Amino acid sequence: MSDIETYRKNAATWLESVVQTYGKAARKGLSESEDLALGRRYQNAKFEAGYAGINWPTEYGGQGLSHIEKVTFESEEMKHGFPSGYFGISLGMPVPILMQFGPDQEFAKERVLKALKGEEIWCQLFSEPAGGSDLAGLRTKAEPDGNGWKINGQKLWTSWAQYSDYGVIVVRTDPNVPKHKGLTYFWVDMKAPGVDVRPIKLAGGDSHVNEVFFDGVKISDDHRMSPVGGGFAVAMATLMIERYVATDSAGFGPHLDLFIDLAKAIEINGKPAIADGRIRQQIARNYAMRSGLNAITARAMLMMKAGMTPGPEGSLNKLVSVRSRQKLSELAIDLQGSEGFAYDDHAQQKDNWTSSWINAPTGRIAGGADEMLLNTIAEKILGLPQDHRPDKGVAFNQIPA
């Protein structure tokens, strides 16, 4: 048995030992605040067992292992419906960026440890009403204020901001230069005066995303995590991490086995649906697609293990996996007929086809909309010329609003 298979076996054994306490059945009927409290306890249990920060440096409280062990553990963890979603973005992007770019390493170590234990949560304040996937088009500004800065503006679609203690934020510090050049990257206290978080109710019934308003929020210069005007590069480092955090070839929807079970149970013209060639074709296409995405991810993990930086192929994973999840979920609903319209807003999108379908559009926007990913694939993978960009090289304050 290989070292990775031994690691997988040990992880699966530990997860089985805590599933009754923290798994899907234990979460049933809980309010969101109760579920979050359970999630904090589960995150702390992971830390104590050595399964938090698996690929993070030991000096920050991590395990010092590779990305392979991390993905191995998470592939076992996602089978049980643990309340880990509250910490996914926090531990996936802002906290790793804090480790890499935080100006005060002692402060960073304290925050990282608390985040690993589930005691603190971080959010990522990027998207804006006028910017969307065009991060460099953001309008939230930070102006010099004594020895620090004052932030004014609005962010949108910020996941779990209502529970966050801190956040990383990209703001415009110079409108007189081209839009990519005038941005600066900071961290901000989400409990500071002037920060107003307002949850947004989504079509699926949950409110994990928010709009966040900044009204004269004062921060000191030691909150700055990039050179002044150099924030876009740190933002791109954050987004590169995001591409490989989303490594589920099912698009964070139901496993293909669940569709096969459904196809065996549902009948078409008096026969099991799985006997229909059209259904079998969809199963085969999805299996081939997911195997291809898993191969791309495995290659990226090996590159990271070797100290290399994966390329833009991570965009393929998110684009294809969530699109295919939406189509397969729609087919599953069609197979169920009128029963497919039954909706439970407490159902998990990883094991309920209706919940998966209605929440899929959010996944096609979060972390980069389909259109942006298509541009990345066209330009960075296929080598096609860029679209015409009339704002290229133009000072931001000269671009028509």
Side-chain angles (χ1 to χ4, degrees), residues 11 14-49 51-54 73-95 113-124 157-167 190-191 197-212 245-246 248 250-255 258 325 329 342-360 362-363 366-367:
W14 181 80
L15 289 164
E16 288 286 353
S17 74
V18 299
V19 70
Q20 288 189 342
T21 305
Y22 304 111
K24 183 166 58 177
R27 300 173 64 188
K28 191 173 182 179
L30 297 181
S31 66
E32 189 167 90
S33 60
E34 292 170 335
D35 194 50
L36 173 60
L38 185 72
R40 291 187 189 276
R41 295 196 295 273
Y42 171 62
Q43 186 63 36
N44 187 67
K46 282 172 62 175
F47 177 83
E48 295 296 333
Y51 291 116
I54 290 171
F73 176 82
E74 290 176 351
S75 68
E76 294 296 325
E77 182 185 41
M78 68 174 59
K79 297 176 181 179
H80 302 291
F82 290 111
S84 54
Y86 302 102
F87 314 98
I89 288 176
S90 177
L91 299 175
M93 287 159 280
V95 177
L113 196 59
K114 286 184 177 293
L116 283 176
K117 293 180 178 181
E119 297 173 9
E120 293 179 353
I121 298 175
W122 286 65
C123 62
Q124 180 177 306
W157 309 123
T158 307
S159 296
W160 304 120
Q162 70 268 50
Y163 299 128
S164 293
D165 302 280
Y166 301 95
M190 294 297 290
K191 311 299 183 186
V197 179
R198 304 178 189 177
I200 300 170
K201 189 170 184 178
L202 299 175
D206 64 306
S207 300
H208 73 274
V209 297
N210 303 265
E211 51 184 346
V212 184
V245 168
D248 181 13
F252 295 93
H255 194 276
L258 292 179
R325 162 194 157 189
S329 299
Y343 184 70
D344 176 5
D345 58 9
H346 296 293
Q348 299 294 314
Q349 61 189 41
K350 288 190 69 65
D351 55 23
N352 181 279
W353 293 108
T354 309
S355 179
S356 172
W357 177 79
I358 203 167
N359 285 288
T362 302

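The residues of the chain are indexed from 1 along the displayed sequence. Here the structure is a predicted model, which means the values were calculated and not measured. Note that these values count all heavy atoms, side chains included, but never hydrogens, waters or copies made by symmetry.
Among residue pairs with one or both ends in residues 34-43, those qualifying as side chain to side chain donor-acceptor pair (under 3.5 Å) are Arg27-Asp35, Ser31-Glu34, Asp35-Tyr86, Tyr42-Glu77; sequence neighbours excluded.
Formation of a donor-acceptor pair under 3.5 Å by the Trp160 side chain with backbone atoms of Gly85 is found in this model.
In summary, the side chains of Glu76 and Tyr51 do not present any donor paired with an acceptor at a separation below 3.5 Å, with no hydrogens or angles considered.
Heavy atoms from other residues, nucleotides or ligands lying under 6.0 Å from NZ of Lys191 number more than 12. Summarising the local packing, CH2 of Trp357 is surrounded by 12 or fewer heavy atoms from other residues, nucleotides or ligands at distances under 6.0 Å.
Checked against Glu120 for a side chain to side chain contact (heavy atoms under 4.5 Å, CB included), the options Val95, Asp165, Leu113 give a single hit: Asp165. Between Ser356 and the options Gln349, Lys350, Arg325, a side chain to side chain donor-acceptor pair (under 3.5 Å) holds for only Arg325.
Across all non-hydrogen atoms, the minimal contact from Thr354 to Ala342 is OG1-O, 3.6 Å. The heavy-atom pair separating Ser159 from Val209 by the smallest distance is OG-CG1, 3.8 Å. The minimum heavy-atom distance between Phe73 and Ala11, with the atom names listed, is CD1-CB, 3.7 Å. Closest of all the heavy-atom pairs between Ala45 and Trp14 is O-CZ2, 3.6 Å. Considering every non-hydrogen atom in both Leu30 and Ala26, the closest pair reads CD1-O, 3.7 Å. Closest heavy-atom contact between Leu36 and Ile121: CD1-CD1, 4.1 Å.
Lys46 has its side chain out of reach of Val18: every pair of non-hydrogen atoms, C-beta onward, lies at least 4.5 Å apart. Taking the side chain as every heavy atom from C-beta outward, Tyr166 and Pro94 never approach each other to under 4.5 Å. When side chains are defined from C-beta on, Pro254 does not count as touching Asp351, because their heavy atoms never get closer than 4.5 Å. At a threshold of 4.5 Å between non-hydrogen side-chain atoms, the residues Leu15 and Lys79 do not count as touching.
To the nearest 0.5 Å, atom CD of residue Gln124 and atom OG1 of residue Thr158 are 8.5 Å apart. With rounding to the nearest 0.5 angstrom, the CD1 atom of Ile200 is 11.5 Å from the CG atom of Asp206. How far CZ of Phe47 is from CG of Leu116: 6.0 Å, rounded to the nearest 0.5 Å. To the nearest 0.5 Å, atom CG of residue Leu202 and atom CH2 of residue Trp157 are 6.5 Å apart.
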**Q.** Trace of the side chain to side chain contact (heavy atoms under 4.5 Å, CB included) decision for Val19 with Phe82
**A.** CA-CA 8 Å; Val19 70; Phe82 290 111; 4.2 Å; yes

